[in-house]
Amino acid sequence: MILNGLYIAIGAFFGAMARFGLSNFSKKKYPFDFPLGTLLVNLIGSFLLGIINGKEPDAMWALMLGTGFMGSFTTFSTFKVENIELHFKRKWKVAAMFLAVSYTFGILLAFAGMQIGYHLK
């Protein structure tokens with residue numbers, strides 16, 4: 001049990017650092033209202049988690065990569081808060097586009113990732 005927690009913690013450390021780096025890079029490079037950093041990490045995360053799940057790794061790698069890394073790399077809570085902030089700022093078109101792109105392409109990329117993962121077995 002302790003070893004499982006260690007695998008998750010190691011993955012989570014690297015996932016959080018990757019999210020922080022990618023989000024900050026995108027905010028500095030593209031400073032506009034659309035939450036591009038959150039969109040990127042969630043779409044990339046959907047695709048990578050699809051690959052991981054499709055490949056069906058052993059328990060250690062599933063915990064480290066799936067639960068740890070991807071769990072801290074992707075951000076459902078920030079996604080929701082940014083949508084609410086766009087609503088309060090009355091940026092409804094941006095909010096609608098953010099929701100539509102996030103959900104549509106997130107599901108499609110997760111599906112594509114799973115298909116790739118199945119073929120990597």
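Only this structure's heavy atoms are used, side chains among them; waters, hydrogens and symmetry mates stay out.
Leu6 contributes atom CG, which lies 11.0 Å from atom CG of Leu63 (distance to the nearest 0.5 angstrom). Going from atom CG of Leu108 over to atom OH of Tyr103 covers 14.5 Å, rounded to the nearest 0.5 Å. Within the model, atoms OG1 of Thr38 and NZ of Lys27 stand 6.5 Å from one another, a figure rounded to the nearest 0.5 Å. Summarising the geometry, atom CD1 belonging to Ile51 is positioned 11.5 Å from atom CD belonging to Gln115; distances are rounded to the nearest 0.5 Å. Rounded to the nearest 0.5 angstrom, Asn42 CG and Leu49 CG are separated by 11.5 Å. Summarising the geometry, atom CG belonging to Asp33 is positioned 11.0 Å from atom CD belonging to Glu85; distances are rounded to the nearest 0.5 Å.
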Between Met70 and Ile52, is a side-chain contact (heavy atoms from CB on, under 4.5 Å) present by the stated rule, with each step listed?
CA-CA 10 Å; Met70 300 314 304; Ile52 293 165; 3.8 Å; yes

Dump the intermediate steps for side-chain contact (heavy atoms from CB on, under 4.5 Å) on Trp92 and Leu86, then the final yes or no.
CA-CA 7 Å; Trp92 294 296; Leu86 289 169; over 6 Å; no

Assess the residue pair Glu82 and Phe98 against the criterion (side-chain contact (heavy atoms from CB on, under 4.5 Å)); give the C-alpha distance rounded to whole Å, side-chain angles, the decisive distance to 0.1 Å, and a yes or no.
CA-CA 9 Å; Glu82 287 174 343; Phe98 185 39; 3.9 Å; yes

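Nearest heavy-atom pair across Thr74 and Gly45 is CG2-CA, 3.5 Å. The two residues Glu56 and Tyr118 make their nearest non-hydrogen contact at OE2-CE2, 4.5 Å.
Phe20 and Phe25 have their aromatic ring centers separated by at least 6.0 angstrom. Note: Phe14 and Phe73 fail the aromatic proximity criterion, with ring centroids not under 6.0 Å apart.
Panel note: side chain Ser26, backbone Ser23; a donor-acceptor pair is recorded below 3.5 Å. Formation of a donor-acceptor pair under 3.5 Å by the His87 side chain with backbone atoms of Asn83 is not found in this model. Of the possible polar contacts, none joining the Ser46 side chain to the Ala110 backbone as a donor-acceptor pair under 3.5 Å is found.
Atom CZ of Phe34 sits in a crowded spot, with more than 12 heavy atoms from other residues, nucleotides or ligands closer than 6.0 Å. Residue Phe32 places its CZ atom among more than 12 non-hydrogen atoms of other residues, nucleotides or ligands, all under 6.0 Å distant. Within 6.0 Å of NZ in Lys80 there are more than 12 heavy atoms belonging to other residues, nucleotides or ligands.
For the pair Leu39 and Ser102, the minimum side-chain heavy-atom distance is below 4.5 Å. Inter-residue side-chain proximity for Ile44 and Leu22 is flagged as met; some heavy-atom pair is nearer than 4.5 Å.
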